[in-house]
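What follows is a single structure, written as structure tokens, with notes after it.
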Amino acid sequence: TSTLTSRFPKHPIFKWVIILANNIREVEDRLVHFYTKQRKRLILALVFGLVNWILGAVEIFYTMNFIGYPMTIVEAWILESAAQLVRAGVFFIPAGIGIQEGVFVVVSTAIFGSPVPGFTAAIVRRIRELIWIIWGIVTFYFYRTDANTKSFPTAENGRSKQDITF
């Protein structure tokens, strides 16, 4: 970043560029530290990612077979791979709404000649995701501690009833 800062004039307009470059450098340093010094955690993260991918393909395989559109595990792997690829590319869309469905429709049309099985499998997957979200919210509601509820602001003054120091 020292080379970068020397190329920009000392004008305040370029201050944000210098700050951004320093922040990018800090993130890069943390990533380099992670994959060079914490190999076990990196490998564990990669294994969990691969297991997630495999289970996604198995889920598609069984869903398609259950709804009456037999599919090989290779075709399920292709469908899951395409969904993961596009979902990673459009990460900025909240929950990938519409993206997963579109990928499933396009790929299942290529495999089966009909968009119906892909759309059905996408809806089944969304229902499963919704069930897990609801389960997480319910679990949070029942297992939250008093410390979590004490820090919520009240309607009277916008402050919590009890001050919690950290």
Side-chain angles (χ1 to χ4, degrees), residues 16-17 19-153 155 158 160:
W16 68 271
V17 173
I19 292 171
L20 179 66
N22 288 333
N23 289 340
I24 291 172
R25 181 68 177 171
E26 183 181 337
V27 169
E28 181 184 11
D29 290 343
R30 288 182 181 188
L31 285 173
V32 168
H33 177 267
F34 177 71
Y35 66 76
T36 57
K37 303 292 184 198
Q38 299 181 2
R39 292 249 185 223
K40 289 180 183 177
R41 290 180 66 193
L42 173 68
I43 291 170
L44 190 62
L46 292 174
V47 167
F48 279 135
L50 180 63
V51 168
N52 178 47
W53 200 358
I54 291 169
L55 289 177
V58 170
E59 175 189 21
I60 291 170
F61 173 77
Y62 282 115
T63 301
M64 289 295 198
N65 285 307
F66 182 74
I67 63 174
Y69 289 91
M71 163 183 264
T72 66
I73 194 70
V74 173
E75 291 168 336
W77 184 272
I78 291 169
L79 184 56
E80 177 66 17
S81 299
Q84 291 284 341
L85 176 70
V86 173
R87 210 174 328 176
V90 292
F91 64 91
F92 50 87
I93 298 176
I97 301 294
I99 301 304
Q100 177 176 278
E101 291 79 7
V103 171
F104 275 47
V105 165
V106 168
V107 175
S108 74
T109 302
I111 294 172
F112 297 111
S114 172
V116 173
F119 187 71
T120 305
I123 296 302
V124 167
R125 181 173 273 192
R126 287 290 180 193
I127 290 170
R128 187 229 345 128
E129 291 172 355
L130 187 61
I131 289 170
W132 278 108
I133 289 170
I134 291 170
W135 176 255
I137 291 171
V138 168
T139 303
F140 169 76
Y141 179 76
F142 284 114
Y143 288 104
R144 65 183 176 175
T145 63
D146 287 339
N148 290 337
T149 58
K150 289 179 186 175
S151 64
F152 292 140
S160 61

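In terms of the side chain to side chain contact (heavy atoms under 4.5 Å, CB included) criterion, A45 has no residue partners (sequence neighbours excluded). Residues that satisfy the side chain to side chain contact (heavy atoms under 4.5 Å, CB included) test with I123, not counting sequence neighbours, are F119, I127. Residues satisfying the ring-ring contact (aromatic ring centres under 6.0 Å, His included) test with Y69, not counting sequence neighbours, are F112. Not a single salt bridge (charged side-chain N to carboxylate O under 4.0 Å, His left out) links R39 to another residue, sequence neighbours left out. Shown here are the side chain to side chain contact (heavy atoms under 4.5 Å, CB included) partners of I24, two or more places apart in sequence or in another chain: L20. By the salt bridge (charged side-chain N to carboxylate O under 4.0 Å, His left out) test, E75 pairs with no residue at all, sequence neighbours left out. Applying the side chain to side chain contact (heavy atoms under 4.5 Å, CB included) criterion to T139, with sequence neighbours excluded, gives W135, Y143. Residues satisfying the side-chain hydrogen bond (donor to acceptor under 3.5 Å, both in side chains) test with R126, not counting sequence neighbours, are E101, E129.
Legend: salt bridge (Lys or Arg N to Asp or Glu O under 4.0 Å) pairs involving residues 102-118, not counting sequence neighbours: none detected. Judged as a ring-ring contact (aromatic ring centres under 6.0 Å, His included), not a single pair has a partner in residues 21-49 (not counting sequence neighbours). Listed by first and then second residue, the side-chain hydrogen bond (donor to acceptor under 3.5 Å, both in side chains) pairs involving residues 55-67 are E59-R125, E59-R128 (not counting sequence neighbours). Evaluation of the salt bridge (Lys or Arg N to Asp or Glu O under 4.0 Å) test over residues 102-112, restricted to residues two or more places apart or in two chains, returns none.
Distance CD1/I93 to CZ/R87: 12.0 Å, rounded to 0.5 Å. With rounding to the nearest 0.5 Å, the separation of OG1 in T36 from CG in L31 is 10.0 Å.
Of all heavy-atom pairs between P115 and V105, the closest is CB-CG1, 3.5 Å. For the residue pair F61 and T72, the shortest heavy atom distance occurs at CD1-C, 3.8 Å. Residues A57 and E80 approach most closely at N-CG, 3.8 Å, considering heavy atoms. Nearest heavy atom pair, residue G118 against residue F104, reads O-CB, 3.3 Å. Taking each heavy atom of P117 and I67 in turn, the nearest pair found is O-CD1, 3.9 Å.
Heavy atoms of other residues, nucleotides or ligands lying less than 6.0 angstrom from CH2 of W53 number 12 at most.
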K40/L44 under side-chain contact (heavy atoms from CB on, under 4.5 Å): CA gap, chis, key distance, verdict: CA-CA 6 Å; K40 289 180 183 177; L44 190 62; over 6 Å; no
Full working for side-chain contact (heavy atoms from CB on, under 4.5 Å) between V138 and F142: CA-CA 6 Å; V138 168; F142 284 114; 3.6 Å; yes
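Between L50 and the choices I54, L46, N52, the side-chain contact (heavy atoms from CB on, under 4.5 Å) rule is met once, by I54.
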